[in-house]
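Inspection log for the structure reproduced underneath, given as structure tokens.
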Amino acid sequence: MNPNYTLVAERASHQCEYCHAPELVFNFPFEIEHITPLSKQGADSQENLALACRSCNLRKGNRVSGVDPDSNTSVRFFHPRQDLWGNHFQVN
Ligand SMILES: [Zn+2]
């Protein structure tokens, strides 16, 4: 297990920092991922680590942006340390 797991998981209240799925429901620990990937010069620091469910971590991969299908423009992904979740996501 990642040595930063306890700190990152407690900071995230044991919820995926991207989709807010509760870790408890999945019955196994979520993954510790680098918000800015190491391959994109992200730091291996606690500030750059986020708790992510398997689905979010796989979809994000080593990317920090994607193409918005509505505008067909490149947009930066949600950043758990810089952005407010409610400004980026909507639950219907
Ligand atoms: Zn998730």
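Both counts, for ligands and for their atoms, begin at 1 and track the order of listing.
Salt-bridge formation is detected for the pair Glu17/Arg81: a Lys NZ or Arg NE/NH1/NH2 atom is positioned less than 4.0 Å from an Asp or Glu carboxylate oxygen.
Between Pro29 and Glu23, the closest side-chain pair of non-hydrogen atoms falls below 4.5 Å.
Neither Ile35 nor Val75 shares a network with the other; the hydrophobic side chains, linked directly or stepwise wherever heavy atoms of I, L, V, M, F, W or Y lie under 4.5 Å apart, form separate groups for each.
Side-chain polar atoms of Gln46 and Asn48 form no donor-acceptor pair below 3.5 angstrom.
Ring geometry for Tyr18 versus Phe78: interplanar angle over 60°, hence perpendicular rather than tilted (30 to 60°).
Protein atoms of type N, O or S found under 2.8 Å from the Zn ion (ligand 1) total 4.
With sequence neighbours excluded, no residue satisfies side-chain hydrogen bond (donor to acceptor under 3.5 Å, both in side chains) with Arg11.
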